[in-house]
Amino acid sequence: MRNIELAFAIKEKFSKQTVITSKELVLFLSTFFPELSTSTISWKINQLKAENLIYQTGRGLYTFDFKPEFNPEVNLKTKRIYNKTKSFVSSELVVWDTEILDLILEKESEKRTTFLLVQKDDLAELFNQMQSISKPVYLEPNIEIIQRYILPQNDVILLYSLISETPLQHNGDYILPTLEGVLVNAWLLSENYLKPLGYSIEGIFESAFKKYNVNKNKLLRYAARRDQRKEIEQLIQTINND
């Protein structure tokens, strides 16, 4: 049986499911290839993936609905900030900005924020070194600082600790959180910061899941690392039920 025919058979079998587990796939394919071992059937699944006949959406999870990976181009202003500051610390420097959220939501915002993440031990040194640049910089601001000083600004830089196990990706010379990392970080900032700026966290998650390949397992692992797994899982369920 050709792979294209196999893909049609799988799609017909699981037509009422949006996601198929690897266990379900292996059991179904074993009816076509009873002589093959589980490892050989897994190799057959990899062939289907390589030919874009089925797509992986998480560890052991597959779908027929293709969604692209989220790998945004780093904004020129963000590149300049990154390039100016990366020499200030010896540890890994990670950057993202609210224009990533604008891209997910397909909107434009008058205000922008750049987030720089570094190891906790380097955070104070980075903040001190950045006092020489022209943009306002704030170190892990609390709600009072956000409301009084940051929200009125149009272009600010916020510094935070880089939490271990943050999912990261490389974009040229720049290191960014993956989409899953951005979503969890946005959740953590939503109530005190993003919501007053006009961002809906529900809208961000809904649009991200609709447009891009979100690795749910990776998302929930990082959410658990930030002690937010239950809350974010409930949000995802709400989106899927709408």
Does one hydrophobic cluster hold both Y193 and I145, with members joined at side-chain heavy-atom distances below 4.5 Å? yes
Report yes or no: do I10 and I4 belong to one cluster of Ile/Leu/Val/Met/Phe/Trp/Tyr joined by side chain heavy-atom distances under 4.5 Å?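 The answer is yes; both residues are in one hydrophobic cluster.
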Suppose we screen for salt bridge (Lys or Arg N to Asp or Glu O under 4.0 Å). Which residues come up paired with E108, at least two apart in sequence or across chains? none
For the pair F28 and F32, name the ring-plane relationship: parallel under 30°, tilted 30 to 60°, perpendicular over 60°. perpendicular
If you count every heavy atom of other residues, nucleotides or ligands that lies below 6.0 Å from [X] atom [atom1], does the total exceed 12?
{"X": "K120", "atom1": "NZ", "result": "no"}
{"X": "K210", "atom1": "NZ", "result": "no"}
{"X": "K49", "atom1": "NZ", "result": "yes"}
{"X": "Q234", "atom1": "CD", "result": "yes"}
{"X": "Y212", "atom1": "OH", "result": "yes"}

Keeping to residues at least two apart or across chains, list the salt bridge (Lys or Arg N to Asp or Glu O under 4.0 Å) pairs with something in residues 75-95. E73-K79
Modelled atom types, side-chain donor and acceptor of [X] and [Y], under 3.5 Å:
{"X": "E231", "Y": "W187", "answer": "no"}
{"X": "T78", "Y": "Y174", "answer": "no"}
{"X": "Q17", "Y": "E24", "answer": "yes"}
{"X": "R59", "Y": "S22", "answer": "no"}

Is the backbone N or O of [Y] less than 3.5 Å from a side-chain atom of [X], with the two atoms forming a donor-acceptor pair by type?
{"X": "T85", "Y": "I81", "answer": "yes"}
{"X": "Y82", "Y": "L93", "answer": "yes"}
{"X": "Q131", "Y": "F127", "answer": "yes"}
{"X": "T98", "Y": "L101", "answer": "no"}
{"X": "T63", "Y": "T18", "answer": "yes"}

Residues clustering with V19 (ILVMFWY side chains joined when closer than 4.5 Å, directly or via others): L61
Spatial distance of atom [atom1] ([X]) from atom [atom2] ([Y]) [nearest 0.5 Å]:
{"X": "L235", "Y": "T238", "atom1": "CG", "atom2": "OG1", "result": "6.0 Å"}
{"X": "I133", "Y": "F88", "atom1": "CD1", "atom2": "CZ", "result": "7.0 Å"}
{"X": "T114", "Y": "E99", "atom1": "OG1", "atom2": "CD", "result": "8.0 Å"}
{"X": "L123", "Y": "S161", "atom1": "CG", "atom2": "OG", "result": "4.5 Å"}
{"X": "N171", "Y": "W96", "atom1": "CG", "atom2": "CH2", "result": "16.0 Å"}
{"X": "N215", "Y": "Q56", "atom1": "CG", "atom2": "CD", "result": "8.0 Å"}

Is it possible for you to check whether K216 lies under 6.0 Å from the centre of the six-membered ring of F209, through NZ or CZ, and within 45° of that ring's axis? no
Per the side chain to side chain contact (heavy atoms under 4.5 Å, CB included) rule, which among L116, L117, V118 passes with L159? L116
Given side chains that start at C-beta, do those of Y160 and P141 come closer than 4.5 Å, heavy atoms only?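 They are in contact (side-chain heavy atoms under 4.5 Å apart), so the answer is yes.
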Any F70 side-chain heavy atom under 4.5 Å of T178 side chain: no
Can you name the closest pair of heavy atoms from [X] and [Y] and give their distance?
{"X": "P196", "Y": "S190", "value": "CD-O, 4.1 Å"}
{"X": "G198", "Y": "K107", "value": "O-NZ, 3.7 Å"}
{"X": "I104", "Y": "I204", "value": "CG2-O, 3.7 Å"}

Does a side-chain N-to-carboxylate-O contact under 4.0 Å join R221 and E165?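 No, no charged N to carboxylate O under 4.0 Å.
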Could you list the donor-acceptor pairs under 3.5 angstrom formed between side-chain atoms of residues 148-158 and any protein atom two or more places apart in sequence or on another chain?
{"from": "D155", "atom 1": "OD2", "to": "K135", "atom 2": "NZ", "distance (Å)": "2.8"}

Applying side-chain hydrogen bond (donor to acceptor under 3.5 Å, both in side chains), can you list everything that pairs with N185, at least two apart in sequence or on another chain?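 So N185 forms a side-chain hydrogen bond (donor to acceptor under 3.5 Å, both in side chains) with Y222, R226.
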Under the side-chain hydrogen bond (donor to acceptor under 3.5 Å, both in side chains) test, residues paired with Q129 that sit two or more places apart: E125
